[in-house]
Amino acid sequence: MNLFEILSQKTLLADGAMGTMLHARGVSFAKCFDELNLTNPAAVADIHREYIEAGAQLIITNTFGANRFKLSKHGLQDQLTEINRAGVELARRAIAASYKNDVLVAGDVGPLGVRIAPYGRVKPEEARAAFAEQIQALADAGVDLIVIETMSDLYEIQEAIKAAKSIVGANGHLPLPVIASVTFTRDDRTLLGDDPMKVARKLKEAGADVIGVNCSGGPSQLLRILKQMKHAVPDGKFWVKPNAGWPEQVGGRIMYPADADYFGDYALSFREAGANIVGGCCGTTPQHISAMKKAFESTPIQTSEVFETSEVSEVDFSDIEQPTQLAQNLAAGKFSICVEMDPPRGLSTHKLLAGASLLHDAGADVINVADSPMARMRMSAWAVCDLVQRKIGVETTLHFPTRGRNLLRVQGDLLAAHAIGLRNIFVVMGDPTSIGDYPEATDNYDLVPSGLVKLIKQGFNMGVDHSGTSIGQPTNFFVGAALNLCPQDMDNEVKNLNRKIKAGADFFLTQPIYRPTDGPNLIEAYEAKQGKLDKPILAGVLPLVSAKHANFLHNEVPGVFIPDEARRKIENAGDTESGVKVGVELAVELIEQIKGWASGVYFMPQFHRYDMVAEIIEAVK
């Protein structure tokens with residue numbers, strides 16, 4: 001019986017996570033999981049066996065990353081066919097050993113791990129060829145169908161579908177059935193900003209036989225997304241494989257909160273919402289699949305009593321919105337990396353987005369977008385944050401100056417920021433217009449930074465504006481404030497810091513430092529007067545590029561002190577490129593020295609040397 005005949009009769013139960021199970025057996029996330037088909041086949045086969053025994057009627061090969069681009073990162077590209085063939089053979093052997101002849105084998109195809117044009121350098125035809133190479137290997141090995149999963153880029157998944165539809169299966173039929181599945185962020189959009197209804201329509205138009213959603217968040221979110229997809233393509237067939245909730249880091253391990261019984265309840269809701277294939281993704285185990293099987297077997301098709309998250313477009317989910325990734329990283333003690341970028345002075349954003357992409361690929365957690373730095377006319381930081389988050393898929397922090405904004409504009413701008421998905425806010429005074437392009441421009445303000453922090457944390461995040469009037473729902477801003485680790489007046493800086501903490505500041509970004517002792521000195525001064533400082537500090541790092549640059553900062557920028565030894569090293573470097581190399585070495589050395597007290601770093605690239613910062617990030621991650 002083929003896939004379509006089965007789906008016409010019942011909801012098919014798929015397996016759960018492969019990576020989670022391999023990691024639980026001691027395999028590092030840095031390891032190429034696909035290679036285990038050759039080097040540790042027993043582990044892979046054993047996981048397949050456990051899922052079959054739990055009730056899975058469809059198992060997915062351990063080939064998620066077995067494409068040329070990803071395998072090349074491990075030097076395994078020449079073993080692509082062998083790895084994919086072995087993945088299929090292991091699945092087949094596990095089925096044979098279980099004495100069940102009704103279990104299907106799906107050839108697993110994941111993202112290429114590179115950016116596809118127009119957001120990357122890989123051409124569509126190159127991507128299609130890479131997908132075709134892997135899918136041909138899977139088809140030749142005898143899979144029953146192809147699963148293209150965990151995709152976030154519609155351009156990429158459409159090329160994968162085209163490739164799959166061009167491949168002849170081992171049984172001679174053209175083509176194999178294709179499941180195409182996309183993953184979504186917390187706001188129910190892909191990393192590139194596409195909503196579920198658009199995704200469903202595009203996958204249907206591209207030729208997917210089954211439209212899917214997987215990974216993302218937990219069952220609650222995916223039920224909501226499934227309903228939207230079903231609304232967009234009423235006659236479609238659908239696949240749903242949620243994570244076991246949003247991951248959390250506990251004691252150095254990645255943990256998922258949703259237990260097996262919870263999945264069993266939601267399996268019924270998925271079925272009733274129109275899912276034809278149901279399984280689990282990251283964090284799910286054979287226990288989750290077993291619970292789903294029991295739910296299907298014990299409950300006839302009817303309306304279940306699971307908490308449902310409403311219909312397509314009439315619900316407000318703000319009350320269950322997750323913290324930002326930056327907030328989660330800092331809470332978990334992860335050393336976080338933020339990089340500041342300036343908006344362009346004109347209309348073109350190509351260089352900015354290319355720089356943001358480079359930094360994100362290197363490992364930056366957050367891109368900070370300055371607002372009119374040095375009082376120079378530039379594109380709105382709001383627009384730049386929105387572009388970076390939608391097109392690059394990396395979280396941003398919006399710099400929010402109080403200078404030049406009256407109370408009406410401040411509050412309107414906060415609402416606008418939240419509406420376009422900005423959640424991290426860095427409150428600053430802002431540069432005076434007298435030093436910028438328009439010195440005659442008005443420079444008034446109604447709030448100082450601590451006042452704005454208070455308005456956000458004790459007002460907007462509680463659902464009311466400055467006057468106490470309801471704004472309809474609470475915002476969910478994560479608010480940072482400025483901190484000077486090298487103040488001329490330590491007592492005054494301690495008072496300002498304490499005022500910002502009382503107002504509700506969640507974290508602090510500092511001016512650039514070059515001495516690892518600057519942080520402990522201020523922390524000690526604060527704790528001597530105010531008690532323990534329990535707010536995360538991200539230390540400012542401004543990489544030096546030349547002796548001239550170092551001397552300028554040391555002599556002309558207030559609050560910047562560069563040790564003699566550091567200036568001597570960069571002076572001895574000679575030419576510019578050698579100076580950049582020394583600047584990288586000094587920054588890496590400094591970061592390693594401050595990890596004891598800093599929760600992360602806040603890079604301020606000079607002269608748009610994003611490549612320099614990317615090199616530093618890769619060295620300290």
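Atoms considered below: every heavy atom in the structure, side chains included; atoms not considered: hydrogens, waters and symmetry mates. Because the structure is a prediction, the values reported are computed rather than measured.
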Participant: For the residue pair V339 and V366, establish whether any side-chain heavy-atom pair is separated by less than 4.5 Å.
Facilitator: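 SC-SC contact between V339 and V366 ruled out.
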Participant: How long is the span from the CD atom in Q77 to the CD atom in E133, to the nearest 0.5 Å?
Facilitator: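 The CD atom of E133 is 10.0 Å from CD of Q77, to the nearest 0.5 Å.
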Participant: Between T402 and L447, is there a donor-acceptor pair closer than 3.5 Å when you use the side chain of the first and the backbone of the second?
Facilitator: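 Yes, because the side chain of T402 sits within donor-acceptor range (under 3.5 Å) of the backbone of L447.
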Participant: Answer yes or no: is there an ion pair linking K162 with E159, defined by an N-O contact shorter than 4.0 Å?
Facilitator: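 Looking at K162 and E159, the cut-off is met.
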Participant: For the OG atom of S28 and the CG atom of L22, what is their distance to the nearest 0.5 Å?
Facilitator: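 Interatomic distance, S28 OG to L22 CG, rounded to 0.5 Å: 11.5 Å.
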Participant: With distance as the sole test, does S181 use its side chain to make a donor-acceptor pair with the main-chain N or O of N214 at under 3.5 Å?
Facilitator: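 Judged by distance alone, yes, a pair lies under 3.5 Å.
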Participant: Would you say the ring centroid of F607 lies under 6.0 angstrom from that of H549?
Facilitator: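 When the ring centroids of F607 and H549 are compared, they turn out to be within the sub-6.0 Å range.
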Participant: For N243 and C282, indicate whether the former's side chain and the latter's backbone hold a donor-acceptor pair under 3.5 Å.
Facilitator: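 Indeed, once roles are kept as given, a pair shorter than 3.5 Å links the two residues.
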Participant: Contact between N368 and M341 at the side-chain level, heavy atoms closer than 4.5 Å - yes or no?
Facilitator: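 No, too far: nothing below the 4.5 Å cut-off.
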Participant: Grab the two heavy atoms, one from P343 and one from A381, that are nearest each other, plus how far apart they are.
Facilitator: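 Nearest pair, atom of P343 first, then A381: CG-CA, 4.3 Å.
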Participant: Within the 3.5 Å criterion, strictly below it, is a donor on D34 or T63 matched to an acceptor on the partner's side chain?
Facilitator: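 On atom types as modelled, these side chains do not qualify, holding no pair under 3.5 Å.
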Participant: Is it true that T183 and S216 share a donor-acceptor pair across their side chains at a distance under 3.5 Å?
Facilitator: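 Judged by distance alone, the side chains do pair up.
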Participant: Just verifying a value: how many Å separate K73 NZ and C32 SG, rounded to the nearest 0.5 Å?
Facilitator: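 Going from NZ on K73 over to SG on C32, the span is 11.0 Å.
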Participant: Test your reading of the model: is there a side-chain donor-acceptor pair from E618 to the backbone of E615, 3.5 Å cut-off?
Facilitator: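 Not confirmed, E618 side chain does not pair with E615 backbone.
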Participant: Looking only at non-hydrogen atoms, find the nearest pair between F64 and P111 and report the distance.
Facilitator: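 So the minimum-distance heavy-atom pair works out to CZ-CD, 3.4 Å.
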Participant: Taking the cut-offs as 6.0 angstrom to the six-membered ring centre and 45 degrees off its axis, would you call K457 and F477 a cation-pi pair?
Facilitator: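 Checked: cation-pi criterion not met.
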Participant: Whether R567 engages the ring of Y514 as a cation-pi pair (distance to the six-membered ring centre under 6.0 angstrom, angle to the ring normal within 45°) should be assessed.
Facilitator: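 So R567 doesn't make the cation-pi contact.
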Participant: Strictly below 4.0 Å, N to O, side chains only: are K569 and D564 in salt-bridge contact?
Facilitator: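 D564 and K569: not salt-bridged.
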Participant: May I ask you to check whether Q134 and N67 show a side-chain donor-acceptor distance below 3.5 Å?
Facilitator: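 N67 and Q134 do not have a side-chain donor-acceptor pair below 3.5 Å.
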Participant: Between the side chains of D413 and R405, is the shortest nitrogen-to-carboxylate-oxygen separation below 4.0 Å, so that they form an ion pair?
Facilitator: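 Between D413 and R405 there is a salt bridge, with a charged N closer than 4.0 Å to a carboxylate O.
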Participant: On a heavy-atom basis, which atom in A547 and which in E571 lie closest, and how many Å separate them?
Facilitator: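 Taking A547 first and E571 second, the nearest heavy atoms are CB-CG, 3.5 Å.
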Participant: Do side-chain atoms of E395 reach the backbone of Q325 as a donor and acceptor pair under 3.5 angstrom?
Facilitator: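 Such a contact is found between E395 side chain and Q325 backbone.
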Participant: Would you call L422 and Q389 a side-chain contact if the rule is heavy atoms closer than 4.5 Å?
Facilitator: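 Side chain of L422 against side chain of Q389, heavy atoms only: contact under 4.5 Å found.
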Participant: To the nearest 0.5 Å, what is the distance between OG (S380) and CG (L398)?
Facilitator: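 Rounded to the nearest 0.5 Å, the OG-CG separation comes out at 8.0 Å.
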Participant: Tell me, with the steps shown, if R189 and D194 meet side chain to side chain contact (heavy atoms under 4.5 Å, CB included).
Facilitator: CA-CA 5 Å; R189 290 180 177 269; D194 297 311; over 6 Å; no
Participant: Checking H554 side chain against I562 main chain: does a donor-acceptor pair fall under 3.5 Å?
Facilitator: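 Flag set: sc H554 to bb I562 pair under 3.5 Å.
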Participant: With ring centroids as reference points, do F426 and F507 lie under 6.0 angstrom apart?
Facilitator: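 Ring-ring flag for F426/F507: false, centres at least 6.0 Å apart.
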Participant: Output yes when a side-chain donor or acceptor of T510 lies under 3.5 Å from a complementary backbone atom of G540, and no otherwise.
Facilitator: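 Here the side-chain-to-backbone pair exists.
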Participant: Pick out which of R121, R115, K621 makes a salt bridge (Lys or Arg N to Asp or Glu O under 4.0 Å) with D361.
Facilitator: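 Only match with D361 under salt bridge (Lys or Arg N to Asp or Glu O under 4.0 Å): R115.
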Participant: Does D518 come within less than 4.0 Å of R515, counting only side-chain N to carboxylate O?
Facilitator: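 Salt bridge: yes.
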Participant: Do D153 and L191 make a side-chain contact, defined as non-hydrogen atoms from C-beta onward lying under 4.5 Å apart?
Facilitator: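 The answer is no; the side chains never approach within 4.5 Å.
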Participant: Show your reasoning for whether side chain to side chain contact (heavy atoms under 4.5 Å, CB included) applies to I157 and V182.
Facilitator: CA-CA 8 Å; I157 196 169; V182 172; 3.9 Å; yes
Participant: Do Q228 and D195 have a side chain donor and acceptor closer than 3.5 Å?
Facilitator: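 Not at all, the side chains of Q228 and D195 share no donor-acceptor pair under 3.5 Å.
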Participant: Just so I know, are the side chains of L483 and L497 near enough to count as touching, which here means a heavy-atom distance under 4.5 Å?
Facilitator: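 In short, these two side chains touch, coming nearer than 4.5 Å.
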Participant: Using a 4.5 Å cut-off on heavy atoms from C-beta on, say whether the side chain of F603 contacts that of I591.
Facilitator: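 I591 vs F603: side chains touch.
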Participant: Mind checking the OG-NZ spacing from S450 to K454? Nearest 0.5 Å is all I need.
Facilitator: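 That separation rounds to 9.0 Å.
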Participant: Using a 3.5 Å distance criterion without hydrogens, assess whether the side chain of R423 forms a donor-acceptor pair with backbone atoms of H418.
Facilitator: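 Flag set: sc R423 to bb H418 pair under 3.5 Å.
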Participant: Is T20 reaching over with its side chain to a backbone N or O of G283, donor-acceptor style, under 3.5 angstrom?
Facilitator: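 Yes; at least one donor-acceptor contact below 3.5 Å.
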Participant: So does T185 get a backbone contact from the side chain of Q221, meaning a donor-acceptor N/O pair under 3.5 Å?
Facilitator: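 The answer is yes, because a donor-acceptor pair under 3.5 Å joins these two groups.
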Participant: In Å, rounded to the nearest 0.5 Å, how long is the span from CD of E149 to SG of C215?
Facilitator: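 So the CD of E149 and the SG of C215 are separated by 8.5 Å.
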Participant: Go through it in stages, so that I can follow the logic: the residues are F335 and V601, the test is side chain to side chain contact (heavy atoms under 4.5 Å, CB included), and I'd like the CA-CA distance, side-chain angles, deciding distance and then a yes or no.
Facilitator: CA-CA 8 Å; F335 194 79; V601 289; 3.7 Å; yes
Participant: Does Y445, at its OH atom, have more than 12 non-hydrogen atoms belonging to other residues, nucleotides or ligands within less than 6.0 Å?
Facilitator: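 No, OH of Y445 has 12 or fewer neighbouring heavy atoms, counting only those of other groups under 6.0 Å.
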Participant: NZ of K548: more than 12 outside heavy atoms within 6.0 angstrom?
Facilitator: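 No, NZ of K548 has 12 or fewer neighbouring heavy atoms, counting only those of other groups under 6.0 Å.
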Participant: Considering all heavy atoms of both residues, which atom of I617 and which atom of A362 are nearest to each other, and what is their separation?
Facilitator: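 For I617 and A362, the tightest heavy-atom pair comes out as CG2-O, 3.4 Å.
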Participant: Does the side chain to side chain donor-acceptor pair (under 3.5 Å) test come out yes or no for N484 and E493, once each step is laid out?
Facilitator: CA-CA 7 Å; N484 184 0; E493 186 64 25; 4.8 Å; no
Participant: Which of these passes side-chain contact (heavy atoms from CB on, under 4.5 Å) with L522: I537, L485, T517?
Facilitator: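 Among the candidates, only L485 passes.
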Participant: Would you name the heavy atoms of A132 and A163 that are closest together and state the gap between them?
Facilitator: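 A132 and A163 have their closest heavy atoms at N-CB, 3.6 Å.
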Participant: Where is the tightest heavy-atom contact between I161 and A180, given as atom of each residue plus distance?
Facilitator: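 Result for this residue pair: CD1-CB, 3.7 Å.
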Participant: Tell me, with the steps shown, if D78 and L71 meet side chain to side chain contact (heavy atoms under 4.5 Å, CB included).
Facilitator: CA-CA 8 Å; D78 293 336; L71 291 177; over 6 Å; no
Participant: Please indicate whether K581 has more than 12 foreign heavy atoms, meaning atoms of other residues, nucleotides or ligands, lying under 6.0 Å from its NZ.
Facilitator: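 At most 12 heavy atoms, drawn from other residues, nucleotides or ligands, come within 6.0 Å of this atom.
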Participant: Are E35 and K31 close enough for a salt bridge, meaning some N to O gap below 4.0 Å?
Facilitator: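 Yes.
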Participant: Under 4.5 Å between any side-chain heavy atoms of L326 and D365, yes or no?
Facilitator: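 In short, these two side chains do not touch, never coming nearer than 4.5 Å.
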Participant: Report yes if the side chains of L538 and L330 come closer than 4.5 Å at any heavy-atom pair, otherwise no.
Facilitator: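 Yes - at least one pair of side-chain heavy atoms lies under 4.5 Å apart.
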Participant: State whether the number of non-hydrogen atoms from other residues, nucleotides or ligands found under 6.0 Å of K202 atom NZ is greater than 12.
Facilitator: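 Counting neighbours around NZ of K202, 12 or fewer heavy atoms of other residues, nucleotides or ligands fall under 6.0 Å, so no.
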